[in-house]
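Both backbone and side-chain heavy atoms feed into the values below; hydrogens, waters and symmetry mates do not. What you see is a predicted model, and the numbers here were worked out from it, not measured in a lab. Throughout, numbering of the chain's residues begins at 1 and tracks the sequence.
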Amino acid sequence: MTTVRTRIAPSPTGDPHVGTAYIALFNLCFARQHGGQFILRIEDTDQVRSTRESEQQIYDALRWLGIEWDEGPDVGGPHGPYRQSERSEIYWKYARELLEKGHAFYCFATPEELDQMRAEQQARGETPRYDGRGLRLSQDEVQQRLDAGQPYVIRMKVPEEGVCVVPDLLRGDVEIPWDRMDMQVLMKADGLPTYFLANVVDDHLMGITHVLRGEEWLPSAPKLIKLYEYFGWEQPQLCYMPLLRNPDKSKLSKRKNPTSVTFYQRMGYLPEAMLNYLGRMGWSMPDEREKFTLDEMVEHFDLQRVSLGGPIFDVEKLSWLNGQWLRELSPERFAAEVQQWALNPEYLLKIAPLVQQRVETFSQIAPLAGFFFSGALNLDPALFQHKKLAADQVRLVMQLLLWKLEALRQWDKERITAVIQTVAEHQQLKLRDVMPLLFAAITGQASSVSVLDAMEILGPDLTRFRLRQAVELLGAPSKKETKEWEKLLAELG
């Protein structure tokens, strides 16, 4: 009997997302329920955005939740390497095999040529898609261009008519017409694979038997199925999990909901409660009880209990569930959890030097530095009234700061200061004009300890959350303003 093997393959390009944790949890439960293995693979072929810091955050966030893997970049295993950036030679071997079999071809079209092609298709009222121009080159022309060192990508051939039947463990057979499929790029001009080739090759070589992934990948499933067919490999069983939704039913996004696992850790949620809540996303225990442990979820796990309606990620419901967990702790465990959350020596030692110079008694610490131990703040609109700036310019500055800090991957005082300086100079302001706004948003006070140090200590999640709070309080930009302000953001570089 084949051992069940599942995997999660996150991209280390941002904060560890609750959607990643949700998919990881269901893959883990499915594997454990069947006595199988769960693998973590890092999909870091986007060399511009991938960072090792982000990779480490993924490990830390999943482990905080209690999700452990049997094989991965940090724990090793018999099917390594487990970072896709370290598997280039493997992908090239299989890309060449597809070329030799006639299932793939070289495409030398420049980005400008492809843009023109799409513009012409749109002008004719057609759906923009690759027009197959690479297929019209003779073998001699292809060889001449390769010999001349002309940049290229490798694309897969796809049928132009008929339908592909996608067997989904949740939906049954799903029929998707081939005329919706583009001739997918398999190897990029930088020599690295796209998601499609890398995942098919890796899943096969790593013995993955079941792939549980988000339903946003269902429309492109035919391309994966076709690659398995081209290679002559047995495809794993496919399961497309419903996407997490905001309370308004839109796809979960950080503009409407905090989406980073680390944010919930910093806010003081218990990992057991967070994992419990993610387990309730579109799934239920046989007895419908709300509160359950990971072991209980594994014991009773059944994919047939997954609901296809988009599960709502509701922070209020999560907080209610967290409260249930907190109230069942012993006073000793409750005190220990509080101590571990914010009164631990590591965190206090960061704050102590800032506070020590500004107090005369310990009783002054809480009023001065209470914001270090808070989540959301009760912001006073009066603190954002500026002697020099009109209300709309205050809104603009706060939004630009938020956008720039959302994109900041390495979080330290020097880089935070550089972002603030960039925004200030763009708006023809001095740093001292912007700092009062940050004091108000980050500390909830007109003045406190160094706000730049505070932002570094609080970390990216809480800092961005409080800036979003401030933007909402002042008035989030309208659609028209968003377009105009995004142009200004582009000028900042």
Side-chain angles (χ1 to χ4, degrees), residues 11 13 43 45-50 84 88 91-92 94-164 166 174-201 214-231 251 482-483 486-487 489-491 493:
S11 299
T13 55
E43 195 174 288
T45 54
D46 184 340
Q47 293 292 278
V48 177
R49 295 169 61 225
S50 295
Q84 290 185 336
S88 283
Y91 304 130
W92 271 109
Y94 289 102
R96 282 191 285 269
E97 181 180 322
L98 291 175
L99 287 167
E100 288 163 10
K101 288 179 175 178
H103 298 316
F105 61 95
Y106 293 100
C107 170
F108 300 91
T110 64
E112 293 76 22
E113 287 172 338
L114 293 174
D115 287 343
Q116 184 184 350
M117 175 195 77
R118 293 187 192 101
E120 290 170 358
Q121 288 171 332
Q122 284 176 315
R124 294 194 297 268
E126 299 170 3
T127 303
R129 56 183 293 184
Y130 182 71
D131 61 5
R133 60 185 61 190
L135 286 167
R136 295 192 283 274
L137 298 174
S138 68
Q139 277 190 303
D140 286 344
E141 285 177 290
V142 168
Q143 195 58 53
Q144 284 170 10
R145 294 187 183 211
L146 291 173
D147 292 343
Q150 199 169 325
Y152 64 84
V153 299
I154 295 174
R155 291 178 182 270
M156 70 179 288
K157 292 182 182 177
V158 295
E160 294 181 11
E161 53 190 36
V163 297
C164 177
V166 181
V174 179
E175 293 190 353
I176 301 178
W178 277 112
D179 62 11
R180 291 187 198 167
M181 296 300 117
D182 215 343
M183 295 184 195
Q184 178 65 47
V185 173
L186 300 177
M187 295 297 287
K188 298 178 288 186
D190 64 4
L192 287 169
T194 60
Y195 159 88
F196 293 89
L197 180 66
N199 272 272
V200 166
V201 169
E215 67 184 348
E216 73 266 36
W217 293 105
L218 179 55
S220 60
K223 288 185 274 196
L224 297 171
I225 290 171
K226 184 55 70 173
L227 283 174
Y228 277 103
E229 184 185 311
Y230 284 161
F231 285 122
K251 182 183 173 183
T482 299
K483 282 186 178 177
E486 282 176 342
K487 288 176 187 172
L489 178 66
E491 292 173 9

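In plain terms, the two heavy atoms of Val166 and Ala221 that are nearest each other are CG1-CB, 3.8 Å. In this structure, Phe108 and Leu137 approach most closely via the heavy-atom pair CD1-CD1, 3.7 Å. The two atoms that bring Thr194 and Val185 nearest to each other are OG1-O, 2.7 Å, heavy atoms only. Nearest heavy-atom pair across Gln47 and Leu192 is CG-CD1, 3.2 Å. Closest approach of Met181 to Pro219, counting heavy atoms only: CE-O, 2.9 Å. Here the closest heavy-atom approach between residue Ala109 and residue Leu114 is recorded as CB-CD2, 3.7 Å.
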- Take Glu120 and Gln116 through the side chain to side chain donor-acceptor pair (under 3.5 Å) test and state the conclusion after the steps. CA-CA 6 Å; Glu120 290 170 358; Gln116 184 184 350; 3.0 Å; yes

- Carefully, step by step, assess Gln184 and Leu227 under the rule side chain to side chain contact (heavy atoms under 4.5 Å, CB included). CA-CA 11 Å; Gln184 178 65 47; Leu227 283 174; over 6 Å; no

- Item | Test side chain to side chain contact (heavy atoms under 4.5 Å, CB included) applied to Gln84 and Tyr91, step by step | CA-CA 9 Å; Gln84 290 185 336; Tyr91 304 130; 3.2 Å; yes

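Annotation for Glu491: atom CD counts as buried by contact number, over 12 foreign heavy atoms lying within 6.0 Å.
For Lys226 and Glu229, the salt-bridge test passes: some basic side-chain N is under 4.0 Å from an acidic carboxylate O.
In this model, no donor atom of one side chain and acceptor atom of the other lie less than 3.5 Å apart for Gln143 and Gln139.
Side-chain contact between Ile225 and Cys164: present, with at least one pair of heavy atoms (C-beta onward) separated by less than 4.5 Å. The side-chain heavy atoms of Met183 and Leu135, taken from C-beta on, include a pair separated by under 4.5 Å. Side-chain contact between Met187 and Leu197 is present, with at least one heavy-atom pair separated by less than 4.5 Å. Considering only heavy atoms from C-beta on, Tyr106 comes within 4.5 Å of Ile154 through its side chain. Side chains of Leu186 and Pro193 form no contact here, defined as non-hydrogen atoms less than 4.5 Å apart. Side-chain atoms of Arg155 and Tyr130, non-hydrogen and from C-beta on, do get closer than 4.5 Å to each other.
Distance check: Asp131 CG to Gln121 CD gives 6.0 Å after rounding to the nearest 0.5 Å. Atom CG in Leu489 sits 7.0 Å away from atom CD in Glu486 (nearest 0.5 Å). With values rounded to the nearest 0.5 angstrom, Glu141 atom CD is found 6.5 Å from Arg145 atom CZ. For the atom pair OG1 of Thr127 and CZ of Arg129, the computed distance is 8.0 Å after rounding to the nearest 0.5 Å. Asp190 CG to Asp46 CG: the interatomic distance, rounded to the nearest 0.5 Å, is 9.0 Å. The CG atom of Asp182 sits 6.0 Å away from the NZ atom of Lys223 when rounded to the nearest 0.5 Å.
With hydrogens and angles disregarded, a donor-acceptor distance shorter than 3.5 Å links the side chain of Tyr230 to the backbone of Lys157. Side-chain atoms of Glu43 never come within 3.5 Å of backbone atoms of Tyr195 as a donor-acceptor pair (strictly under, hydrogens ignored).
Ring pair Trp217/Phe196 is perpendicular by interplanar angle, where above 60° counts as perpendicular and below 30° as parallel.
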